[in-house]
Number of protein chains: 2
Amino acid sequence: MIGNLNDRSRQILQAIIEEYIVTAEPVGSRTLTRRQGVNLSPASVRNVMSDLEEMGFLSSPHTSAGRIPTDRAYRFYVNTLLQVGRVSDDHEEQLRERLPLQGGDASRILRETSRMLSSLSRYAGVVLAPRFTENVLRHLEFVKLGGLRLLAILVTEHGIVHNKLVELQEDISGEELIRMTNYLNSLLQGLPMTEVRRRLIEQMQSDRVAHDALLDRALRLSKQALVETEADLFIEGQATFFNQPEFAEAGRMKELFQAFEEKGQLLQLLDRCLAADGVQIFIGNETNLNPGGMSIITSAYRSGSRKLGVLGIIGPTRMGYARVIPIVDYTARLVSRLLNSGEQQLPAVT
Amino acid sequence: MIGNLNDRSRQILQAIIEEYIVTAEPVGSRTLTRRQGVNLSPASVRNVMSDLEEMGFLSSPHTSAGRIPTDRAYRFYVNTLLQVGRVSDDHEEQLRERLPLQGGDASRILRETSRMLSSLSRYAGVVLAPRFTENVLRHLEFVKLGGLRLLAILVTEHGIVHNKLVELQEDISGEELIRMTNYLNSLLQGLPMTEVRRRLIEQMQSDRVAHDALLDRALRLSKQALVETEADLFIEGQATFFNQPEFAEAGRMKELFQAFEEKGQLLQLLDRCLAADGVQIFIGNETNLNPGGMSIITSAYRSGSRKLGVLGIIGPTRMGYARVIPIVDYTARLVSRLLNSGEQQLPAVT
DNA sequence: GTTTGGCACTCCTGATTCGGGAGTGCTAAC
DNA sequence: GTTAGCACTCCCGAATCAGGAGTGCCAAAC
């Protein structure tokens with residue numbers, strides 16, 4: 001049934017969608033004919049619109065209003081009508097210039113990415129930081145704090161730092177700590193996190209460890225430190241939703257912001273996005289987000305073939321897809337490069 | 001002029017404020033007399049109200065509406081009328097139970113604190129993480145990432161971790177790195193950050209360093225790593241503002257959320273709060289926040305006599321001060337204890 | 001047979017009107 | 001000093017109304 005549209009219907013559907021994206025008002029036949037590119041009488045357009053409505057591409061808020069596109073229409077639009085261009089030179093320049101933050105560690109770059117996504121798209125930007133478990137361990141360090149508290153610091157390949165507090169039952173000397181750290185690093189460095197866990201358990205049963213209480217303790221401590229933490233999620237530009245008339249109603253807006261604060265739904269959705277390749281687009285109800293009427297456009301950033309995380313933008317379903325898709329696409333590529341190589345133009349140190 | 005109020009005026013002012021805090025509607029003389037505790041006729045009340053208005057404690061939105069308290073009234077209320085109780089047992093229990101997060105590092109505890117502040121007060125919670133510069137350095141570590149990138153990790157006394165990326169001009173061996181790290185730690189550990197900088201510069205001019213290129217390099221690297229980062233600020237429960245009728249208007253709400261996203265103003269304000277002792281209250285315009293009509297109640301959390309950061313709540317000026325002040329006060333004490341000693345009930349490790 | 005003009009009808013929207021309610025200030029009586 | 005009474009003000013919500021934009025359908029035109 002989809003795609004079962006002749007040229008004229010497509011043209012009109014496209015015109016309606018694009019008009020609606022700009023005005024946020026139901027589009028009437030008359031309005032449409034005034035648009036450049038539609039050379040038909042209102043009555044003809046009405047016939048086509050009526051068909052489109054029957055096919056589920058349009059709906060009317062009430063009898064004598066214009067039509068608005070359904071989720072299905074947007075889906076069709078994105079899949080077959082839309083032609084995506086390249087990112088504009090200006091946007092490209094801004095991204096290349098502002099993303100490689102001076103002395104920025106990975107989290108700061110990701111947060112700034114979220115800001116940039118928002119400011120360029122004029123919707124909200126989202127960046128899901130690399131899942132801890134999907135990463136390669138670069139370094140493991142224990143730092144003694146006051147009392148019996150020990151801070152475990154884990155650094156992944158791409159400079160993402162995680163830390164976790166563990167409480168000791170009995171004190172440990174500085175030398176023991178160093179020995180532990182050395183042992184663990186030689187054991188675990190360079191392993192993907194998924195491997196790390198396995199290696200720990202394996203090692204616990206080895207002879208060497210059975211005869212060395214300190215090593216045993218080290219393994220148990222690091223197992224503690226590896227408990228998965230909640231994923232970091234940067235959302236910036238939430239306030240852009242105040243510009244969208246479809247969220248003008250206070251109740252909707254409240255729901256929206258509560259969803260943003262809670263993050264659970266969003267994390268789930270972004271996990272789905274992470275699974276797929278290339279630019280992902282979820283439209284309206286496809287997102288399963290609670291206050292409906294939102295779409296999300298994402299792309300994974302990666303290191304070689306391994307996906308690190310996901311970034312993109314969230315806006316109303318009535319969104320400038322053509323404009324935004326290239327931004328997301330380009331940003332994902334750029335961030336991939338930034339996190340991987342030393343492309344950052346940092347002030348060098350001798 | 002302030003305090004120049006007889007008993008009856010005070011009683012009435014208090015009644016008006018408390019009524020307005022609950023209803024968010026201008027309070028009329030008639031309404032007030034129906035309130036328990038006011039045994040006067042509406043006409044008498046009107047006389048008093050008229051006086052209070054002239055003194056700047058009340059204002060009327062228009063001729064025939066009731067009166068609403070001015071900032072000045074709230075200030076008077078907070079200073080002299082209000083009697084602050086203790087935090088409720090239930091709240092105390094919730095805080096003691098949920099704040100010592102399993103394996104939570106300091107930032108997670110602070111974020112959770114912000115959430116708790118919001119959920120108990122039903123306003124927005126804010127927590128300003130310890131300023132880097134106000135802290136004592138516990139440990140300094142360099143981790144080599146891919147290429148010539150080096151990740152500097154700084155841990156403060158209370159387990160706050162900062163990290164910064166620096167780019168090397170020429171490669172460095174693992175051994176050299178260890179030597180560097182050892183040297184720096186022995187030099188800087190235990191020093192307050194303000195001292196650290198001084199010590200670095202002092203050391204750079206010493207004989208020992210002049211004859212050892214590696215040490216020189218180490219000093220320069222750590223100087224880079226010490227560039228101040230923006231302070232972390234956790235705001236949770238922003239959506240509570242949707243429940244406040246005075247922010248119902250979309251324009252105000254938009255301004256509010258933009259201010260929250262931008263954080264600059266808020267940081268400034270919290271810095272002011274950090275300067276003072278005990279529970280700080282800024283009312284309405286005293287906050288200098290952009291969308292007016294907000295108040296903030298804060299208290300510093302500390303380590304011994306040194307203040308680490310500030311936490312509190314932000315709500316509309318029309319806020320349940322009596323209810324909220326004890327929450328903020330207690331939370332600040334609790335967080336101070338949590339960050340300082342090993343009071344956290346973590347699963348122990350042998 | 002597609003396209004189009006015409007027409008009756010629907011429904012939202014914004015402006016206007018209007019009465020009730022709540023509150024005020026003033027005055028005079030207690 | 002306190003209070004009852006009274007005239008007046010102003011907001012607020014409901015009701016009304018006209019205008020505009022849009023629709024569906026039909027019949028004529030191409």
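Values in this document were obtained by computation on a predicted structure and should not be read as measured data. Just so we're on the same page: letters track the sequence lines, and every chain starts at 1.
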Return all side-chain donor-acceptor pairs below 3.5 angstrom for residues 316-328 of chain A, not counting sequence neighbours, or 'none' if the list is empty.
unit_1	atom_1	unit_2	atom_2	d
T317(A)	OG1	G293(A)	O	2.9
T317(A)	OG1	M294(A)	N	3.3
R318(A)	NE	E246(A)	OE1	3.3
R318(A)	NE	E246(A)	OE2	2.7
R318(A)	NH1	I21(A)	O	2.6
R318(A)	NH2	Q244(A)	OE1	2.7
R318(A)	NH2	E246(A)	OE1	3.1
Y321(A)	OH	S295(A)	OG	2.8
Y321(A)	OH	T317(A)	O	2.7
R323(A)	NH1	S121(A)	O	3.2
R323(A)	NH2	S121(A)	O	3.0

Exercise answer: donor-acceptor pairs, residues 275-290 of chain B side-chain atoms, under 3.5 Å, sequence neighbours excluded:
unit_1	atom_1	unit_2	atom_2	d
D277(B)	OD1	R302(B)	NH2	3.4
D277(B)	OD1	K307(B)	NZ	3.2
Q280(B)	NE2	D277(B)	O	3.2
E286(B)	OE1	R75(B)	NH2	2.7
E286(B)	OE1	I283(B)	N	2.8
E286(B)	OE2	R75(B)	NE	3.1
T287(B)	OG1	G284(B)	O	2.7
T287(B)	OG1	L289(B)	N	3.2

In the 5'-to-3' direction, what one-character label does each nucleotide of nucleotides 11-30 of chain C receive under the scheme B = base within less than 4.0 Å of a protein heavy atom, S = sugar-phosphate only, - = no such atom? BS---------BBBB-----

From CG of D51(A) over to C1' of dG24(D), roughly how many Å is that when rounded to an integer?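 One finds 13 Å between C1' of dG24(D) and CG of D51(A), rounded.
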
Could you tell me the separation between the CG atom of L40(A) and the P atom of dA29(D), rounded to a whole number of Å?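 One finds 21 Å between P of dA29(D) and CG of L40(A), rounded.
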
Quick one: list whatever passes side chain to side chain donor-acceptor pair (under 3.5 Å) with Q94(B), sequence neighbours left out.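 By the side chain to side chain donor-acceptor pair (under 3.5 Å) rule, Q94(B) matches D90(B).
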
Mind checking side chain to side chain donor-acceptor pair (under 3.5 Å) for N243(B) and listing every partner two or more places apart, or none if nothing turns up?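 Listed in chain order: K254(A).
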
In residues 12-22 of chain A, which residues come under 4.0 Å of DNA chain C by heavy atom?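 None - not one residue of the stretch has a heavy atom sitting under 4.0 Å from the strand.
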
With F234(B) via ring pair (Phe, Tyr, Trp, His ring centres under 6.0 Å) - residues at least two apart: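 Ring pair (Phe, Tyr, Trp, His ring centres under 6.0 Å) check on F234(B) returns nothing, list empty.
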
Taking ring pair (Phe, Tyr, Trp, His ring centres under 6.0 Å) as the definition, give me every residue that meets it alongside Y330(B), ordered by chain and number, with sequence neighbours left out.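 Expected list: none.
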
Going by the side chain to side chain donor-acceptor pair (under 3.5 Å) test, which pairs reach into residues 11-22 of chain A, not counting sequence neighbours?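 Those involving residues 11-22 of chain A are Q14(A)-E18(A), E18(A)-Y77(A), E19(A)-R35(A).
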
Out of Y123(B), F257(B), F247(B), which residue meets the ring pair (Phe, Tyr, Trp, His ring centres under 6.0 Å) rule with F242(B)?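 Going through the options one by one, the only one that passes is F257(B).
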
